[in-house]
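Below is one structure; the comments refer to it alone.
Position 1 is the first residue of the sequence; numbering continues from there.
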Amino acid sequence: MSILAEVSIFPMGTGESVGEAVAGAVALIRESGLDYKVGPMGTTLEGEWDEVMNVVGRCHQAMRSKHPRVYMTIKIDSREGGPGRLEEKVERVT
């Protein structure tokens, strides 16, 4: 089953700028080899359920190892079919 998962994750109580912490999560996503797209309010990953959720979990663990409180939202679109929906869904509406 192919999924798209939009993840927004950031530490709380660390001040106004969270860019460095978010960049660490994006680096983990990049290193995973999954297709992804960074947006202004979250990052969308594409892949099989287990591989995407593994990366999401690693991002959470890495951020929690450095920050006492982490806020994370996940939106998931799952369906049968192959890859390519990360770009395809956007192309249909633009």
Practice task
Check side chain to side chain donor-acceptor pair (under 3.5 Å) between Arg64 and all other residues, then give those that pass, not counting sequence neighbours.
Solution key: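 Result, side chain to side chain donor-acceptor pair (under 3.5 Å) vs Arg64: none returned.
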Handout entry: Residues forming a side chain to side chain donor-acceptor pair (under 3.5 Å) with Gln61, sequence neighbours excluded
Key =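 With neighbours one apart ignored, the set is empty.
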Handout entry: Pairs where residues 31-49 contributes a residue and the test salt bridge (Lys or Arg N to Asp or Glu O under 4.0 Å) is met, not counting sequence neighbours
Key =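 Residue pairs passing salt bridge (Lys or Arg N to Asp or Glu O under 4.0 Å), neighbours aside: Lys37-Glu87.
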Handout entry: salt bridge (Lys or Arg N to Asp or Glu O under 4.0 Å): pairs with one or both residues in residues 76-86, sequence neighbours excluded
Key =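 Residue pairs with at least one partner in residues 76-86: Asp77-Arg85, Asp77-Lys89.
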Problem - Apart from Val93 itself, residues in the same hydrophobic cluster as defined by side-chain heavy atoms under 4.5 Å - result: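 Besides Val93, the cluster holds no residue at all.
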Practice task
Verify side chain to side chain contact (heavy atoms under 4.5 Å, CB included) between Met12 and Val70, making sure each step is shown before the conclusion.
Solution key: CA-CA 6 Å; Met12 295 184 68; Val70 172; over 6 Å; no
Problem - By ring-ring contact (aromatic ring centres under 6.0 Å, His included) - contacts of Tyr36 (at least two apart) - result: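 Scan of Tyr36 (ring-ring contact (aromatic ring centres under 6.0 Å, His included), adjacent residues dropped) gives none.
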Validation: residues 1-9 side-chain donor-acceptor distances under 3.5 Å, sequence neighbours left out:
unit_1, atom_1, unit_2, atom_2, d
Glu6, OE1, Lys75, NZ, 3.0
Ser8, OG, Met41, O, 3.3

Problem - Over all atoms of both residues, closest heavy-atom pair of Leu28 and Ala62 - result: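 Minimum heavy-atom separation between Leu28 and Ala62: CD1-CB, 3.6 Å.
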Practice task
Looking only at non-hydrogen atoms, find the nearest pair between Leu34 and Gly47 and report the distance.
Solution key: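 For Leu34 and Gly47, the tightest heavy-atom pair comes out as CD2-CA, 4.4 Å.
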Handout entry: Counterpart residues, side chain to side chain contact (heavy atoms under 4.5 Å, CB included), relative to Val22 (two or more places apart)
Key =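 Expected list: Phe10, Val18, Val26.
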Practice task
Applying side chain to side chain contact (heavy atoms under 4.5 Å, CB included), name anything that partners Ala21, two or more places apart in sequence or on another chain.
Solution key: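 Partners of Ala21 under the side chain to side chain contact (heavy atoms under 4.5 Å, CB included) test: Pro11, Met63, His67.
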Problem - side chain to side chain contact (heavy atoms under 4.5 Å, CB included) between Asn54 and Asp50, worked out - result: CA-CA 6 Å; Asn54 179 275; Asp50 288 341; over 6 Å; no
Practice task
Report the residues that fulfil salt bridge (charged side-chain N to carboxylate O under 4.0 Å, His left out) with Arg92, sequence neighbours left out, ordered by chain and then residue number.
Solution key: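 Counting only residues at least two positions away or on another chain, Arg92 forms a salt bridge (charged side-chain N to carboxylate O under 4.0 Å, His left out) with Glu88.
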Problem - With Lys66 via salt bridge (charged side-chain N to carboxylate O under 4.0 Å, His left out) - residues at least two apart - result: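 Once residues adjacent in sequence are excluded, Lys66 has no partner under the salt bridge (charged side-chain N to carboxylate O under 4.0 Å, His left out) criterion.
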Practice task
Identify whether Val38 and Leu86 are in the same connected component of the hydrophobic contact network (ILVMFWY, side-chain heavy atoms under 4.5 Å).
Solution key: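 They do not share one cluster, since no chain of ILVMFWY contacts under 4.5 Å joins Val38 to Leu86.
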Practice task
Evaluate the side chain to side chain contact (heavy atoms under 4.5 Å, CB included) criterion for residues His60 and Val55: first the C-alpha distance (whole Å), next the side-chain angles of each, then the deciding distance (0.1 Å), finally the verdict.
Solution key: CA-CA 9 Å; His60 185 262; Val55 172; over 6 Å; no
